[in-house]
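Below is one structure, written out as structure tokens; comments come after it.
Counting begins at 1 with the first residue of the sequence.
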Amino acid sequence: MSDLNETEIKVFIDAVTNYFNQLTHEPASVRGAFLDDNSGTVPVYDYSGQIAISGQFRGTITVSAPRAMIRHLLLALNESDQSDANLRDTVGELANTLAGNARKHFGGDMEISVPKTAAGAISNSGSRKRPYVIMVSWKTYSASLVVDIERLD
């Protein structure tokens with residue numbers, strides 16, 4: 001097993017910043033990135049979406065965002081349905097888009113699942129002892145992207 005390198009982590013950073021820019025014409029920015037020590041320091045917001053990764057890789061990609069951020073995103077997309085189900089679908093679609101963009105970079109050896117969503121946190125068995133955490137800002141909101149992936153050799 002091996003870690004992703006800095007260039008590979010940047011694939012996820014570019015994916016999340018471009019996602020907001022392409023959909024809303026307002027780019028997101030990265031407030032910070034760090035290695036989590038599993039001490040509960042990763043912020044969990046109102047909704048989370050997670051994609052499981054398999055194939056030549058193992059792990060998960062998890063996005064967690066506050067309700068207000070997702071609602072604002074839906075308004076920017078001219079979507080009037082602000083139900084909890086649609087908020088969950090939106091955060092799941094965000095996670096799915098990020099995983100899909102990563103798959104374009106890593107190729108067909110990276111298989112991605114359908115999104116799993118939850119209000120609040122999603123349990124994660126964790127592949128890495130210290131997953132990568134990318135804190136994202138869009139407008140006045142913050143969200144977290146946890147990249148917990150390792151390459152199987």
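- Rounding to the nearest 0.5 Å places OG of Ser142 at 5.5 Å from CE of Met135.
- In terms of modelled atom types and a separation under 3.5 Å, the side chain of Arg58 and the main chain of Glu150 share no donor-acceptor contact.
- Neither Ile134 nor Ile122 shares a network with the other; the hydrophobic side chains, linked directly or stepwise wherever heavy atoms of I, L, V, M, F, W or Y lie under 4.5 Å apart, form separate groups for each.
- No side-chain heavy atom of Ile51 sits less than 4.5 Å from a side-chain heavy atom of Thr60.
- Transitive grouping of hydrophobic side chains (ILVMFWY, heavy atoms separated by less than 4.5 Å) keeps Val44 and Leu145 in distinct clusters.
- Residue Val11 belongs to no hydrophobic cluster, having no ILVMFWY side-chain heavy atom closer than 4.5 Å to its own.
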Q: Please test Thr97 against Glu93 for side-chain contact (heavy atoms from CB on, under 4.5 Å), starting from the C-alpha separation and ending with a verdict.
A: CA-CA 6 Å; Thr97 299; Glu93 184 56 33; 3.4 Å; yes

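- The nearest pair of heavy atoms linking Ala28 to Val136 is CB-CG1, 3.6 Å.
- Residues Leu74 and Leu87 have side chains in contact (heavy-atom distance under 4.5 Å, counting atoms from C-beta outward).
- A pairwise comparison of heavy atoms in Pro131 and Val146 identifies CB-CG1, 3.9 Å as the closest pair.
- Taking the ring pair (Phe, Tyr, Trp, His ring centres under 6.0 Å) definition, one finds that Phe106 meets it with Phe57, sequence neighbours left out.
- A pairwise comparison of heavy atoms in Ala99 and Ile112 identifies CB-CG2, 3.9 Å as the closest pair.
- The CG atom of Leu77 sits 7.5 Å away from atom OG1 of Thr24, with the distance rounded to the nearest 0.5 Å.
- For Ser64 (side chain) and Tyr45 (main-chain N/O), a donor-acceptor pair under 3.5 Å exists by modelled atom type.
- The neighbour count for Lys116 NZ, taken as heavy atoms of other residues, nucleotides or ligands under 6.0 Å away, is above 12.
- Contact check for Tyr132 versus Asp3: side-chain heavy atoms found under the 4.5 Å cut-off.
- In this structure, Ser48 contributes its side chain and Gly120 its backbone to a donor-acceptor pair below 3.5 Å.
- The shortest distance between side-chain heavy atoms of Arg151 and Gln56 does not fall below 4.5 Å.
- For the pair Glu26 and Asn21, the minimum side-chain heavy-atom distance is 4.5 Å or more.
- Put simply, the residue from Asn96, Thr62, Thr117 that forms a side chain to side chain donor-acceptor pair (under 3.5 Å) with Gln50 is Thr62.
- Side chain of Asn86 to main chain of Gln82: no donor-acceptor pair is present (N/O by atom type, distance under 3.5 Å, no hydrogens or angles).
- Using a 4.5 Å heavy-atom threshold, the side chains of Phe12 and Leu4 count as touching.
- Comment: Arg103 does not engage Glu111 in a salt bridge, judged by the lack of any side-chain N to carboxylate O separation of less than 4.0 angstrom.
- Between the Asp46 side chain and the Arg67 main chain, a donor and an acceptor come within less than 3.5 Å of each other.
- Between atom CG of residue Asn101 and atom CG of residue Asp14 there is a gap of 9.5 Å, rounded to the nearest 0.5 Å.
- No single ILVMFWY cluster, assembled from side-chain heavy atoms under 4.5 Å apart, contains both Phe34 and Ile13.
- Two residues are said to be in side-chain contact when any heavy atoms from C-beta on lie closer than 4.5 Å; Asp148 and Ile61 fail this criterion.
- For the residue pair Val30 and Thr17, the shortest heavy atom distance occurs at CG2-CG2, 4.1 Å.
- Between the CG atom of Asn5 and the NZ atom of Lys10 there is a distance of 12.5 Å, given to the nearest 0.5 Å.
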**Q.** Asn18/Val16 under side-chain contact (heavy atoms from CB on, under 4.5 Å): CA gap, chis, key distance, verdict
**A.** CA-CA 5 Å; Asn18 290 336; Val16 72; over 6 Å; no

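- The distance from atom OG of Ser113 to atom CD1 of Ile53, rounded to the nearest 0.5 Å, is 7.0 Å.
- Across all their heavy atoms, Ser144 and Pro43 have their closest contact at OG-O, 3.0 Å.
- Taking 4.5 Å as the limit, every side-chain heavy atom of Phe20 sits out of range of all side-chain heavy atoms of His25.
- Minimum interatomic distance between Tyr47 and Ala119 (heavy atoms only, all atoms of both residues): CD2-CA, 4.1 Å.
- A single hydrophobic cluster is not seen to contain both Leu75 and Tyr141; linkage of ILVMFWY side chains at heavy-atom distances under 4.5 Å, directly or through other members, places them apart.
- Linking ILVMFWY side-chain heavy atoms closer than 4.5 Å, directly or via other members, places Ile70 and Tyr19 in a single hydrophobic cluster.
- If you take CE on Met69 and OG1 on Thr90, they are separated by 12.0 Å, rounding to the nearest 0.5 Å.
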